[in-house]
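Labels below follow one simple rule: chain letters A, B, ... track the order of the sequence lines, proteins then strands, and each chain is numbered from 1.
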Protein chains: 2
Amino acid sequence: MPPLPSGVCWRTVLARAHRARLSSGSRGASGDAGCAQDHPAVVGELRGELDRFGGVSVRLGALDRLDAAAFQRGLQAAIQQWRSEGRIAVWLHIPILQSRFIAPAASLGFCFHHAESDSSTLTLWLGEGPSRLPGYATHQVGVAGAVFDENTRKILVVQDRNKLKNMWKFPGGLSEPGEDIGDTAVREVFEETGIKSEFRSLLSIRQQHTNPGAFGKSDMYIICRLQPCSFTINFCQHECLRCEWMDLNDLVKTENTTPITSRVARLLLYGYREGFDKIDLTMEELPAVYTGLFYKLYHRKLPDKYKTMTLMD
Amino acid sequence: MPPLPSGVCWRTVLARAHRARLSSGSRGASGDAGCAQDHPAVVGELRGELDRFGGVSVRLGALDRLDAAAFQRGLQAAIQQWRSEGRIAVWLHIPILQSRFIAPAASLGFCFHHAESDSSTLTLWLGEGPSRLPGYATHQVGVAGAVFDENTRKILVVQDRNKLKNMWKFPGGLSEPGEDIGDTAVREVFEETGIKSEFRSLLSIRQQHTNPGAFGKSDMYIICRLQPCSFTINFCQHECLRCEWMDLNDLVKTENTTPITSRVARLLLYGYREGFDKIDLTMEELPAVYTGLFYKLYHRKLPDKYKTMTLMD
């Protein structure tokens, strides 16, 4: 949400808000006794910027001289001002060392939107009806690699050390922030098994909600088909109990596996027998419309004539 | 991360830590002057539980009587104790109204892991090397519906009111927390266009990182094929500038569209001409191994003989 060029300084808003509040005499807060301390020069460190969705975004800077009670009075006055101006939301960005301002904001109705590393963001909805503010990230993404060697019909499988004991599954793990699906698969396979591989296709996607392992958020678990580039196993003793190249038919037959591994093993057998084009989602980079950046798009292979056609019927 | 049954009370840890610190006389903190106030009866409200990964999880309860400086001294002593016991991490769960304890924790090295609504979670890594703690959700999930009417060869498209003006695209939006992919597509299509529809398949997945619209997190954008159940458009004037049933060939030909919409239009044309089984990822519910819950799995349609085979060769 980029701020408008016409961003306004919260100092002005606060000063105006204070004048308005003092003159109207309304909403006398219990903390009014200390109000004389709330000089605009102190709260002037706070800056608010309008965004194009009708919200106000406030970044708290260095506020060493401002106590929590004075902050709360200033924020309360500013909220009244923003309401009167028809603003629909307030975003409050707070560095972790300034977190003493969180509880005062919460007592005025703010909630956490998100927090990461050394800062938190709180929001207050001022519009009509329930909040229409966008939520924060809802999913973790895990990726497993089904490393299949067509020449030997063998597939790389592991047994977890910590959970799902005796269950054969594909090596995998959580994506790092900013990591592409295929890169996670290749990295996790190498870290767990010592096998080098290359991304070939995306095979399946699983969506699961309220996942305890995801701190109650949702989980997207993606399995990729990888082509092995090395074959000597050197597995991570910390994560894995066993690791081996297993005949694909044996993985299809075994009961010591998870439903999803068994299903993808059958999918691989189908692809092995009748062509991987039957099971693959191929990957391509395409340009984003505005940013000029590229993203990765996965779908069924599209014949060239459809990709390039410009006129038809 | 479920706590071990052998959860320990932080009160005990703290009391022991205090005795150890006072007797050794080491690490005299600048705040030691007030140490006499940190009676175990005060800090006894804090409880810590061990988890099966070697971490300690502390939930701050009602600590109305504890000031931030006393909390910091108690936490510092407890950290020393946990270190000496070989704990590898501390998780600190703080209700929003107790946020005055965040900055003191941060000054001891804690960072935000995440925060939502009325609480935050901070972590401190005590193990060797860089932190191996799992991250929080990294992706938002957006879903669009390609509502295609096979009888008329028409596809439902919209033009956004706020962005991508004059660009035809499929109606869609962000998933609500806990919402299945197909349900998001059907809901968003109805909210934007008034058209009722049913989920048929998943067509494509796009992954994009450091997305400004996702607060810098990653974005997963999924397009589903939907079957229309109603045909009279009643579009949302707030979100859309235009909405219409467009001949699929026209959408393939137009330049007023995004690369991803054009690509999926071509994919749909391929499916329309040569069979939707060429482009679809079908959905099925499967049971989770331990929880007994079900999840949704998407992959290429698997012939029945592969699904049910038990022995082969």
Side-chain angles (χ1 to χ4, degrees), chain A residues 96-97 99-100 102-103 106 111-112 114-118 120 134-141 164 174-175 177-178 180-181 203-210 214-215 217-218 249 253 258-260 266-267 269-270 278-279 286-287 289 295-300 302-303 306-307 310-313, chain B residues 96-97 99-100 102-103 106 111-112 114-118 120 134-141 164 174-175 177-178 180-181 203-210 214-215 217-218 249 253 258-260 266-267 269-270 278-279 286-287 289 295-300 302-303 306-307 310-313:
Chain A
I96 195 167
L97 290 175
S99 292
R100 68 183 183 282
I102 293 174
C111 281
F112 281 117
H114 66 275
E116 190 176 32
S117 184
D118 60 359
S120 65
Y136 196 59
T138 52
H139 286 65
Q140 70 177 20
V141 172
L164 299 178
L174 291 180
S175 274
D180 284 335
I181 291 165
L203 293 176
S204 72
I205 300 150
R206 180 196 69 184
Q207 190 186 34
Q208 202 171 21
H209 300 299
T210 56
F215 304 93
K217 309 303 281 185
S218 299
N249 281 0
K253 280 185 279 185
T258 64
I260 196 169
R266 287 154 195 268
L267 201 63
L269 191 64
Y270 172 45
K278 299 274 190 194
I279 63 168
L286 284 177
V289 176
Y295 54 75
K296 293 205 165 136
L297 182 67
Y298 305 80
H299 57 66
R300 290 280 297 150
L302 184 63
Y306 285 93
K307 264 193 193 172
T310 51
L311 287 170
M312 48 211 350
D313 256 4
Chain B
I96 195 166
L97 291 176
S99 293
R100 68 183 183 282
I102 293 175
C111 282
F112 281 118
H114 66 275
E116 191 176 31
S117 183
D118 59 0
S120 65
Y136 195 60
T138 52
H139 285 66
Q140 71 176 19
V141 172
L164 300 178
L174 290 180
S175 274
D180 284 335
I181 292 165
L203 293 174
S204 72
I205 300 150
R206 180 196 69 183
Q207 190 185 35
Q208 203 171 21
H209 300 299
T210 57
F215 304 93
K217 309 303 281 186
S218 300
N249 280 0
K253 280 186 278 187
T258 64
I260 197 169
R266 287 154 195 267
L267 201 62
L269 192 64
Y270 173 43
K278 300 274 190 194
I279 63 167
L286 283 178
V289 176
Y295 54 76
K296 292 205 166 136
L297 182 68
Y298 304 81
H299 58 67
R300 290 281 296 151
L302 185 62
Y306 285 93
K307 264 194 193 171
T310 52
L311 287 170
M312 48 210 351
D313 258 2

>> Heavy-atom pairs under 4.5 Å with chain A - which of B:Ala214, B:Ser204, B:Gly135, B:Pro177 has more of them than the others?
In response: B:Ser204

> For the side chain of A:His209 and the backbone of B:Gly178, is there at least one donor-acceptor N/O pair under 3.5 Å apart?
Replying inline: yes

> If you tally heavy-atom pairs under 4.5 Å against chain B, which of A:Leu97, A:Ile102, A:Ile96 wins?
Replying inline: A:Ile96

>> Between A:Ser218 and chain B, with a heavy-atom cut-off of 4.5 Å, which part of the residue counts as in contact: side chain, backbone, both or neither?
In response: side chain

> Is B:Glu116 reaching over with its side chain to a backbone N or O of A:Phe112, donor-acceptor style, under 3.5 angstrom?
Replying inline: no

>> I'd like to know which of A:Ser175, A:Pro259, A:Ser117, A:Pro287 tops the heavy-atom pair count under 4.5 Å against chain B.
In response: A:Ser117

> Relative to chain A, which of B:Gln208, B:His139, B:Lys278 shows the most heavy atom pairs under 4.5 Å?
Replying inline: B:His139

>> Among B:Ile181, B:Ile205, B:Asp118, B:Thr138, which residue has the highest count of heavy-atom pairs closer than 4.5 Å to chain A?
In response: B:Ile205

>> Please check: side-chain N/O of B:Arg206 versus main-chain N/O of A:Lys296, any donor-acceptor pairing under 3.5 Å?
In response: no

> Can you tell me how far CD1 of B:Ile260 sits from CG of A:Leu297, rounded to the nearest 0.5 angstrom?
Replying inline: 4.5 Å

> Do the ring planes of A:Tyr306 and B:Tyr270 sit parallel (below 30°), tilted (30 to 60°) or perpendicular (above 60°)?
Replying inline: tilted

>> Using heavy-atom distances under 4.5 Å, tell me whether A:Lys307 contacts chain B through its side chain, its backbone, both, or neither.
In response: both

> Do B:Tyr136 and A:Lys217 have side chains that get closer than 4.5 Å, going by heavy atoms?
Replying inline: yes

>> Quick check on A:Leu203 against chain B: is it the side chain, the backbone, both or neither that has a heavy atom closer than 4.5 Å?
In response: backbone

> Looking at B:Leu286, B:Leu174, B:Val141, which has the largest count of heavy-atom pairs under 4.5 Å with chain A?
Replying inline: B:Val141

> Between A:Ala115, A:Cys111, A:Ala103, A:Ser99, which residue shows the highest count of heavy-atom pairs closer than 4.5 Å to chain B?
Replying inline: A:Ala115

>> Could you check whether any side-chain heavy atom of A:Asp180 comes within less than 4.5 Å of a side-chain heavy atom of B:Gln207, counting everything from C-beta outward?
In response: yes

> Counting only N and O atoms by type, is there a donor-acceptor contact under 3.5 Å from the side chain of B:Arg100 to the main-chain atoms of A:Arg100?
Replying inline: no

> A:Arg266 versus B:Leu302: any side-chain heavy-atom pair under 4.5 Å?
Replying inline: yes

